[in-house]
Amino acid sequence: MLQSSTFNNSLLEWYHSNKRDLPWRRTSDPYKIWLSEVMLQQTQVITVIPYFTKFITKYPTLQHLADADEQALLKDWEGLGYYNRIRNFHSAVKDVKENYNAEVPDNPDEFFELKGVGPYIGGAVQSIAFNHLLAAVDGNVLRVMSRLNEDSRDMTKAGVQQSVKKEIEEIIPLEAGDFNQALMELGATICTPRTPKCIMCPVQEHCEAFKRNTVNNFPIKKKKTKKKEETYNVYFIVNDAQEIFIYKQEGDLLKGMYELPKYDVDTNIENIEEELDVRLDDKRIYIGSDKHVFTHKIWYMESYLLHTTSKNEYFVPVGEVHELPMSIAMKKIFRKFAADEFAEL
DNA sequence: CAGCCGTGGAA
DNA sequence: TTTCCAAGGCT
């Protein structure tokens, strides 16, 4: 049923008269379009807008961002989450600067090779910026398509998403960029997850689920696994020079962001002293308790203030800590610390 | 493929 | 409070 030009025409006509005025729709610069798509991954439009505005002001060209310092980029990304996105984008942009004369490749095969470019971003950027006939399948599109076709497959499976992408590419019109954006816009504003506004839908007559009154049964998605809970003690270790022990996080979670020493609750102080190479006074002051929820885990954190006479390369003046990129989890703890009188130690 | 990777808002 | 999920990609 989608193989009809009336579907495409109805959708595009609706889009052109109803699309929101979003900052990335005011540009035809492939670099800015690409940046917006990276920011929009798993992130709502309303959240992205201020970050996008800040980035295109501070890094107005691909060249500017390629030449930027990674820690500065992470600081500007702070609070947006999924921090590997900006690290990968930085890497990809440097790649473009070196190997493509700082011009975003107008070529799907070349573009898909870049770091952080998957099926969605590749299709979105190549269709919107260069009008290649590729689909951009995101959560909105999967939901819309599953309802249009009463598609009972598990939409969380990569294979199903690939299949939907191919189905769209068989019927995608020459205005591929607008078509992709129209499908997403429809999902974001009309064909919403809960209480969809079918009465307002421009392609209502093409929708199998609407015809059979089964819209609320779609999309079919596998349940998410339960979050794992972890409890830590977090330490503000301050020396006599008003410096605090803080370091850059390694591993996968929050990589590149700074964090305070954080240990399982049963870790001995002696072990911490040895690992951090500091001597800690016996006295410790309780600061507070915080909870932070990630996609797949929950941190419960108890924070304490400790005094030391030690000093090493991991100590940073308390007044300079705000310049370092930090996760929201750490920022929550710091808010309590800032309100505390640590000078009493 | 399944699990991992942030954060905030809505119902 | 709990659950879902938002212009997904990597390993």
Side-chain angles (χ1 to χ4, degrees), chain A residues 15 19-20 22-25 33-52 74 77-89 91-92 112-129 134-144 154-162 164-165 168 177-189 191-196 216 219 221-229 249 251-257 259 291-299 325-332:
Chain A
Y15 176 64
K19 66 178 174 183
R20 293 170 288 177
L22 304 175
W24 43 91
R25 288 188 176 146
I33 292 170
W34 182 10
L35 171 63
S36 75
E37 297 297 346
V38 174
M39 289 182 161
L40 285 162
Q41 284 180 65
Q42 300 295 103
T43 310
Q44 298 203 42
V45 165
I46 188 66
T47 304
V48 166
I49 290 174
Y51 285 89
F52 179 78
L74 278 170
W77 199 270
E78 186 182 87
L80 198 52
Y82 285 144
Y83 298 98
N84 270 334
R85 288 185 293 176
I86 185 58
R87 291 151 40 75
N88 287 339
F89 185 59
S91 167
F112 275 105
E113 290 300 314
L114 299 168
K115 195 163 293 186
V117 177
Y120 170 76
I121 291 196
V125 173
Q126 291 294 308
S127 68
I128 296 170
L134 298 173
V137 178
D138 72 333
N140 288 310
V141 174
L142 291 171
R143 182 173 58 257
V144 170
D154 180 355
M155 289 294 158
T156 67
K157 291 204 175 300
V160 175
Q161 297 178 8
Q162 203 172 346
V164 171
K165 179 171 158 68
I168 294 173
D178 281 348
F179 182 81
N180 285 329
Q181 292 187 83
L183 223 38
M184 291 188 276
E185 190 84 352
L186 185 72
T189 63
C191 195
T192 49
R194 288 172 289 261
T195 62
N216 288 316
K221 303 178 84 167
K222 182 186 54 185
K223 299 286 186 194
K224 291 179 180 171
T225 55
K226 196 177 176 188
K227 299 182 197 300
K228 205 164 87 179
E229 304 191 352
Q249 235 164 302
D252 295 322
L253 180 61
L254 301 174
K255 183 174 183 179
M257 309 300 277
E259 76 168 353
K291 175 186 179 183
H292 190 71
V293 180
F294 296 92
T295 302
H296 62 294
K297 65 174 69 173
I298 302 175
W299 280 0
M326 272 194 292
S327 70
I328 298 299
M330 282 298 143
K331 293 182 81 168
K332 283 178 182 171

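Labels below follow one simple rule: chain letters A, B, ... track the order of the sequence lines, proteins then strands, and each chain is numbered from 1.
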[atom1]-based separation of [M] from [N] [nearest Å]:
| N | M | atom1 | result |
| --- | --- | --- | --- |
| C:dG9 | B:dG8 | P | 22 Å |
| C:dA7 | B:dA11 | P | 14 Å |
| C:dC4 | B:dG3 | P | 16 Å |

Only counting residues at least two apart or in another chain, list the ones meeting salt bridge (charged side-chain N to carboxylate O under 4.0 Å, His left out) with [X].
| X | answer |
| --- | --- |
| A:E78 | A:K75, A:K331 |
| A:R20 | A:E185 |
| A:K255 | none |

Under 4.0 angstrom between A:H292 side-chain N/O and B:dG6 OP1 or OP2: no

Under 4.0 angstrom between A:K157 side-chain N/O and B:dA2 OP1 or OP2: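 For A:K157, the contact criterion (side-chain N or O under 4.0 Å from OP1 or OP2 of B:dA2) is met.
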
5′-ward residue of the pair A:K228/A:I328 relative to DNA chain B: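 Nearest-nucleotide comparison on DNA chain B picks A:K228.
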
Residue whose closest nucleotide on DNA chain B lies nearer the 5' end, A:I46 versus A:L253: A:L253

side-chain hydrogen bond (donor to acceptor under 3.5 Å, both in side chains): pairs with one or both residues in residues 79-89 of chain A, sequence neighbours excluded: A:T43-A:R85, A:E70-A:R87, A:Y82-A:T295, A:N84-A:R87

Short side-chain to backbone donor-acceptor contact, A:T192 and A:T189, under 3.5 Å: no

Test item: A:K227 side-chain N/O and A:F294 main-chain N/O as donor-acceptor pair under 3.5 Å: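 Checked: pair present.
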
Over how many whole Å does the gap from [X] atom [atom1] to [N] atom [atom2] extend?
| X | N | atom1 | atom2 | value |
| --- | --- | --- | --- | --- |
| A:K222 | B:dA2 | NZ | C1' | 6 Å |
| A:M326 | B:dG6 | CE | P | 16 Å |
| A:Y51 | B:dG6 | OH | C1' | 10 Å |
| A:I49 | B:dG8 | CD1 | P | 17 Å |
| A:L74 | B:dG6 | CG | C1' | 13 Å |

Touch class at under 4.0 angstrom, heavy-atom based, for A:V293 against every strand present: base

Sugar-phosphate only, base, or nothing, as touched by A:T195 at under 4.0 Å among non-hydrogen atoms: nothing

Protein-to-nucleotide contact annotation, 5' to 3' order, nucleotides 3-10 of chain C [B base; S sugar-phosphate only; - none; under 4.0 Å, heavy atom]: -SBBBBSS

Results of ring pair (Phe, Tyr, Trp, His ring centres under 6.0 Å) for A:Y120 - residues two or more places apart only: none

